[in-house]
Each structure stands twice: as structure tokens, then as C-alpha cells.
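Reading through the C-alpha cells given below for one structure.
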Amino acid sequence: MEFWPELPLQEWENTYRTLHLWTQIVGKVRLSLTPPLNHWWHVALYVNSRGLTTGPIPYAEGAFEIQFDFQRHELLITTSTGKNASLTLQPETVASFYAGVLAALQSLGITVKINLKPQELPNPVPFDQDHSHQSYDREYVRRFWRILVSSAKVMERFRGNFIGKCSPVHFFWGSFDLACTRFSGRPAPPRPGAISSPAYSHECCSAGFWPGGNGVDGPAYYSYTVPQPAGIERETGRPAAAKWNPQLSEFILMYDDVRRGEAPEQALYEFLESTYEAGARLGKWDRAALEV
């Protein structure tokens, strides 16, 4: 159970909301300095052996990286010049965290300006004015990271069985979810919105994990196909606990149903494969050309 720990939403929701905003600050640093990639892939964070990382970000003197270390509970900023900085991850306001990150970057000769408005959140308060979100529970953050590690392992296996265009397994700080997306190779009908338009420019099936919210009262795995094929809501996913959610228009598998099973990794893999198969079959993807 160490690899699939409990993560009840109500027990860590304040920490979750604070950490969400902290990752947005770090993610926006990457967004500001990294050359654009299709589908917003240049903004995501990545799961690693210690937490979440930006990967290398270019700047005038070379490259730097920002890592949330959820083992030592530090924010580490390392550079190709050998100069480093760190901040302790502890209960503090979003405004204080933002000021600390900015000061640490400046101490390393890194100049960056970010949009201070949080993304994809209701009633956003600019980072430098947010004095209400200030929780950090080390134990629940560690549990969240352990789930990301275990989930990413399965998602990498899922990704490896596809030879068409596929995203990395990456963490989007806007929606605070770990995701992997397969593409059919065909353009999708245009969507409005600065985020949605490039994100869903091509037909895709996306699956991932997030801690819950938006009517889902706990951590869960999801899977959806864009554009939504006719009849997909009548398909049956695996394992049996996987259900179509009509409010979200996607398949949902609650994390607790995975962690309590005899083989959590296999249950998650079956969910990823069965829901992809439903979307690709109904969407008439050229599966023979796309799958191993």
C-alpha cells in the first residue's frame, strides 16, 4: 500500500489547493522562457524520483531546472553554471512563495516575468495578493507524489504500445493532473479558446489522474476522446468499477477502486487500454497503423 496510499480529498484539500497554485507559479516560469510546442507540451512538469520537475529551461547563461523535491520538501533551482538555490516547502502563503521563488531566481541571474493570474480556477486571485492559501501537509504531499510515480509507470507502459503521435506522460499545472494523450493523426473540428484551441487541434484520446473535484469526490483516473464519438457513453470500460460520467463526458475510475484491488497496476492498465479502444474504434481511427 506504500505505492498506492490513501488520499482522501477532504483530508488534504487545503494543501492540494495551495500546492496547485505553487505549481502554477513554477509552471509559468517555464511557460515564459521555453519555446512553444504543440498542444502546450512546453509548459508541463514531469514526475521524477523526487517529485515534480520542469526539466531544463533555457536562459541567457545556459539552462536551469526547478524541482519540487517531495522527499526533502524543498524547491530546488539548479543551473548549468553550477549555481543553485533552494527554498523549504512549508506552510506559507502563495504570495510569500511567489516572492521567494522570484528572489531565488534573481539571485541566480535569471530574469523572468509571469502572468500573475492563476489559470483554470474559479475566482482567481493574483499570486502576489493571495494570502489565504497557505497549507502544506508533508505526509499528504508525499502520498500524492507516490501516486504520481505509480501511475506514471503504468502510463509509460501504455504509451509504449502506440507508434502514432503520443504525448509524454506529463503533469499539467493548470488542471493539476497527470496525463498521456494519443492522437489519430487527423485534424479535429476547431475549438474556441486560447488554451483549448491548440490543445485539441487534432483528434485524440487523453487519459490521466487527478486528485478530485468538479463533482468527483476523491482522486480518480479519467479518459476521454476528442471529438466524442457517437455511442461512446454506452461502452463498457474495464475494470468493472469504470463508469461513464455524463456530467464530465468521460470515463471515470475512482483511485480507491484501483488501490484496493489485488493488482492495482493491471487494473489501471486495463482502464487505459479499454477506454482508448472504445474511443478509437468508434472514432474509426486507423488502428493498424497506430498500434504495436
Side-chain angles (χ1 to χ4, degrees), residues 1-20 23 45-49 51-52 68 70-71 120-121 135-159 169-181 205-225 232-279:
M1 303 311 292
E2 167 67 16
F3 302 131
W4 304 91
E6 289 184 289
L7 194 71
L9 179 59
Q10 68 276 11
E11 295 294 328
W12 84 299
E13 191 161 9
N14 290 336
T15 291
Y16 166 20
R17 302 306 175 195
T18 302
L19 185 61
H20 189 174
T23 61
L45 306 179
Y46 307 98
V47 178
N48 70 8
S49 60
L52 288 168
F68 285 93
F70 295 140
Q71 292 194 48
E120 302 182 51
L121 291 172
S135 299
Y136 188 82
D137 186 312
R138 289 187 169 201
E139 173 58 22
Y140 279 105
V141 169
R142 186 195 65 80
R143 293 187 192 188
F144 171 63
W145 165 67
R146 281 300 326 176
I147 295 168
L148 293 183
V149 171
S150 295
S151 301
K153 287 171 56 181
V154 180
M155 292 166 74
E156 291 286 1
R157 175 183 161 204
F158 171 71
R159 181 174 184 255
V169 176
H170 48 191
F171 184 86
F172 281 107
W173 40 265
S175 46
F176 206 70
D177 65 320
L178 183 69
C180 181
T181 306
C205 178
S206 189
F209 167 85
W210 96 111
N214 297 327
V216 179
D217 298 328
Y221 297 97
Y222 65 83
S223 176
Y224 60 86
T225 304
I232 195 170
E233 70 279 2
R234 296 189 293 274
E235 292 291 312
T236 301
R238 298 191 309 272
K243 306 295 182 186
W244 178 260
N245 184 305
Q247 287 73 40
L248 299 177
S249 294
E250 56 192 39
F251 290 101
I252 294 292
L253 174 62
M254 298 304 292
Y255 167 71
D256 282 344
D257 289 322
V258 172
R259 65 176 293 273
R260 290 170 180 159
E262 293 184 359
E265 290 192 7
Q266 186 58 29
L268 174 54
Y269 187 80
E270 288 182 3
F271 175 73
L272 299 174
E273 282 287 2
S274 65
T275 54
Y276 157 75
E277 192 277 337

Practice problem: Could you tell me whether R142 and E2 have a side-chain N and a carboxylate O separated by less than 4.0 Å? | Solution: yes
Quiz item: Do F158 and E273 pass the side-chain contact (heavy atoms from CB on, under 4.5 Å) test, and can you show the C-alpha distance, the side-chain angles, and the key distance before you say yes or no?
Solution: CA-CA 7 Å; F158 171 71; E273 282 287 2; 3.9 Å; yes
Quiz item: V169 versus V47: any side-chain heavy-atom pair under 4.5 Å?
Solution: no
Quiz item: H20 side chain to W173 main-chain N or O, any donor-acceptor pair under 3.5 Å?
Solution: yes
Practice problem: Work out which heavy atom in W210 is nearest to a heavy atom in G213; give both atom names and the distance. | Solution: CZ2-O, 3.8 Å
Quiz item: Quick one: does T275's side chain get under 4.5 Å of L253's, heavy atoms only?
Solution: no
Quiz item: Which pair of non-hydrogen atoms, one from P211 and one from L9, has the smallest distance, and what is that distance?
Solution: O-CD1, 3.7 Å
Self-check item: Any donor-acceptor N/O pair, W145 side chain to N48 backbone, under 3.5 Å
Solution: yes
Exercise. Starting at CD1 of I147, measure out to CZ of F209 and round the result to the nearest 0.5 Å.
Key: 4.5 Å
Practice problem: Only pairs at least two apart or in different chains count here, so list each salt bridge (charged side-chain N to carboxylate O under 4.0 Å, His left out) that has a residue in residues 9-18. | Solution: E13-R17
Practice problem: Please report the closest heavy-atom contact between S206 and T181, naming both atoms and the distance. | Solution: OG-OG1, 2.9 Å
Quiz item: Hey, what's the ring geometry for F271 with Y221, parallel, tilted or perpendicular (30° and 60° as the breaks)?
Solution: tilted
Exercise. Mind listing the closest non-hydrogen atom pair of A179 and F172 along with its distance?
Key: CB-CD1, 4.4 Å
Quiz prompt | Pairwise distance OG1(T225) to CD1(I232) - rounded to 0.5 angstrom | solution = 4.0 Å
Quiz item: What distance do L52 atom CG and F171 atom CZ have between them, rounded to the nearest 0.5 Å?
Solution: 5.5 Å
Self-check item: Spacing of OH belonging to Y269 relative to OG belonging to S274, to within rounding of 0.5 Å
Solution: 11.0 Å
Quiz item: Just by modelled atom types, is the F251 backbone N or O under 3.5 Å from a matching donor or acceptor in the S223 side chain?
Solution: no
Exercise. Check whether any side-chain N or O of R259 sits under 3.5 Å from a backbone N or O of W4 as a donor-acceptor pair, and report yes or no.
Key: yes
Exercise. Start with the C-alpha distance between T18 and Y136, add both sets of side-chain angles, then the distance that settles side-chain contact (heavy atoms from CB on, under 4.5 Å), and finish with yes or no.
Key: CA-CA 7 Å; T18 302; Y136 188 82; 5.8 Å; no
Self-check item: M254 CE to D217 CG distance, which is reported to the nearest 0.5 Å
Solution: 7.0 Å
Exercise. Determine, step by step, whether D177 and Y222 satisfy the side-chain contact (heavy atoms from CB on, under 4.5 Å) criterion, reporting the C-alpha distance in whole Å, the side-chain angles of both residues, the deciding distance to 0.1 Å, and the verdict.
Key: CA-CA 10 Å; D177 65 320; Y222 65 83; 2.4 Å; yes
Practice problem: Begin from the C-alpha positions of D137 and W12 and carry the test side-chain contact (heavy atoms from CB on, under 4.5 Å) through to its verdict. | Solution: CA-CA 7 Å; D137 186 312; W12 84 299; 5.7 Å; no
Quiz prompt | Chi angles and distances behind the ring-ring contact (aromatic ring centres under 6.0 Å, His included) call for F176, F144 | solution = CA-CA 11 Å; F176 206 70; F144 171 63; 5.2 Å; yes
Self-check item: For A152 against L178, the heavy-atom pair lying closest together
Solution: N-CD2, 3.9 Å
Quiz item: Any sub-3.5 Å donor-acceptor pair from Y16's side-chain atoms to G212's backbone N or O?
Solution: yes
Exercise. Nearest 0.5 Å please: distance from the CD1 atom of I252 over to the OH atom of Y224.
Key: 11.0 Å
Self-check item: Closest non-hydrogen atom pair, P239 against A267
Solution: CD-O, 3.4 Å
Exercise. Determine whether L19 and Y140 make a side-chain contact, defined as any pair of heavy atoms from C-beta on separated by less than 4.5 Å.
Key: no
